[in-house]
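Here's the structure, in structure tokens; my notes come after.
Chain naming here is simple, since letters A, B, ... match the order of the sequence lines and numbering starts at 1 in each.
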Number of protein chains: 2
Amino acid sequence: MFAAPQPDIETLEPCGAPHHEDCGLRLTLDRLGEKWTVMAIAELSAGPRRYREIERALAGVTQRMLTLTLRRLERDGLVHRHVEPTNPPSVTYSLSRTGVDFARLTAGLVNWSRQ
Amino acid sequence: MFAAPQPDIETLEPCGAPHHEDCGLRLTLDRLGEKWTVMAIAELSAGPRRYREIERALAGVTQRMLTLTLRRLERDGLVHRHVEPTNPPSVTYSLSRTGVDFARLTAGLVNWSRQ
DNA sequence: CCGTATCCCAAGTGATACTG
DNA sequence: CAGTATCACTTGGGATACGG
């Protein structure tokens, strides 16, 4: 994952404490709480996408938020960003191995949320 | 679950749009993003707990945030709140059926976050 | 097409004090 | 014991405009 190792669920308690805010679980949860992350991952789980394609798929997202979301995902190793230096430029995003795992995880959330 | 039905992952896109903010997935994700929710659920997954016990388990939580968290979980049907009208009062929280399901789901998140 | 740069507001959270 | 009531702060996110 993208951060430090973490105890199991029986000793989960201190994870929210000030001195534990950088733990892996917290990073995961914070990410899930971000407004556009899961939808971006879902869209990319269907295959590589260009910036504009993702923008269209995520109805209502602003360019600012989409860029922020994708950059964070890239920083954390969940997506790859490939730039084709044409004019105008062409940028393609795709899931990394970790990103695919994450997508599987969130698919479980999606299903659970339906019933 | 605690809200409206939802399309599957292939048609997930509009879920973040203004007119879809009340969908089940969004509610689930927002809840996961809340700071103390998952830890409270984890603590309760080990058995019923009194207010003070949860407070001690969630190192760093304020009374305000703990109450807010538990009230939201109760409102959404994930935990039960049982008041024993003694003096001083004794209040016990426990997971509902749905809460147990939710705990299982988050356990997956915990494991994934560890590596 | 693919972004950056500002400005601004509302929500989530924390600190602290008080109470039946 | 199990909360409420305020206040103050920080951050995420939206609106808008501009740029290579």
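A:R31 places its CZ atom 11 Å from the P atom of D:dG12, with the value rounded to the nearest Å. Atom CG in B:D30 sits roughly 20 Å away from atom P in D:dT11 (whole-Å rounding). Across the protein-nucleic acid pair, B:R56 atom CZ and D:dG3 atom P stand 14 Å apart, rounded to whole Å. The distance between atom CG of B:L29 and atom P of D:dG13, rounded to the nearest whole Å, is 12 Å. Between the NZ atom of A:K35 and the C1' atom of C:dA10 there is a distance of 12 Å, rounded to whole Å. Note: NE2 (B:H82) to P (D:dG3) measures 13 Å, nearest angstrom. Atom CD in B:E53 sits roughly 16 Å away from atom C1' in D:dG3 (whole-Å rounding). In this structure, the CH2 atom of B:W36 is 10 Å from the C1' atom of C:dG14, given to the nearest Å.
The listed nucleotides are C:dC2, C:dG14, D:dG13; the one nearest the side chain of A:E34 is D:dG13.
OP1 or OP2 of C:dC1 lies within a sub-4.0 Å distance of a side-chain N or O belonging to A:R52. In terms of phosphate contacts, B:Y93 brings no side-chain nitrogen or oxygen within less than 4.0 Å of OP1 or OP2 of D:dC1. One finds no side-chain N or O of B:Y51 lying less than 4.0 angstrom from the OP1 or OP2 phosphate oxygen of D:dT4.
Summarising the geometry, atom CG belonging to B:L66 is positioned 10.5 Å from atom CE belonging to B:M39; distances are rounded to the nearest 0.5 Å.
For A:G108 against B:L105, the heavy-atom pair with the smallest separation is O-CD1, 4.1 Å. The nearest pair of heavy atoms linking B:G99 to B:I41 is O-CG2, 4.4 Å. Here the shortest heavy-atom pairing between B:R50 and B:P89 reads NH2-O, 4.1 Å.
The main-chain N or O of A:G77 is found under 3.5 Å from a side-chain atom of A:S96 such that the two form a donor-acceptor pair. In terms of modelled atom types and a separation under 3.5 Å, the side chain of B:R31 and the main chain of B:V38 share no donor-acceptor contact. No donor-acceptor distance shorter than 3.5 angstrom exists from the side chain of A:R114 to the backbone of B:L25, with no hydrogens or angles considered.
A side-chain contact (heavy atoms from CB on, under 4.5 Å) with B:E55 is found for one member of B:R49, B:E43, B:Q63 and no other, namely B:Q63.
Within the 4.0 angstrom heavy-atom criterion, no nucleotide atom of any strand lies near A:E55.
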Show me the protein contacts with nucleotides 16-20 of chain D, counting only N or O atoms at under 3.5 Å.
none

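Near DNA chain C, meaning a heavy atom under 4.0 Å from it, residues 65-74 of chain A has A:T67, A:R71 in order of number.
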(message) Before you tell me yes or no, could you show the steps for B:L70 and B:W36 under side chain to side chain contact (heavy atoms under 4.5 Å, CB included), namely the whole-Å CA-CA distance, both residues' side-chain angles and the distance that decides it to 0.1 Å?
(response) CA-CA 9 Å; B:L70 292 172; B:W36 304 101; over 6 Å; no
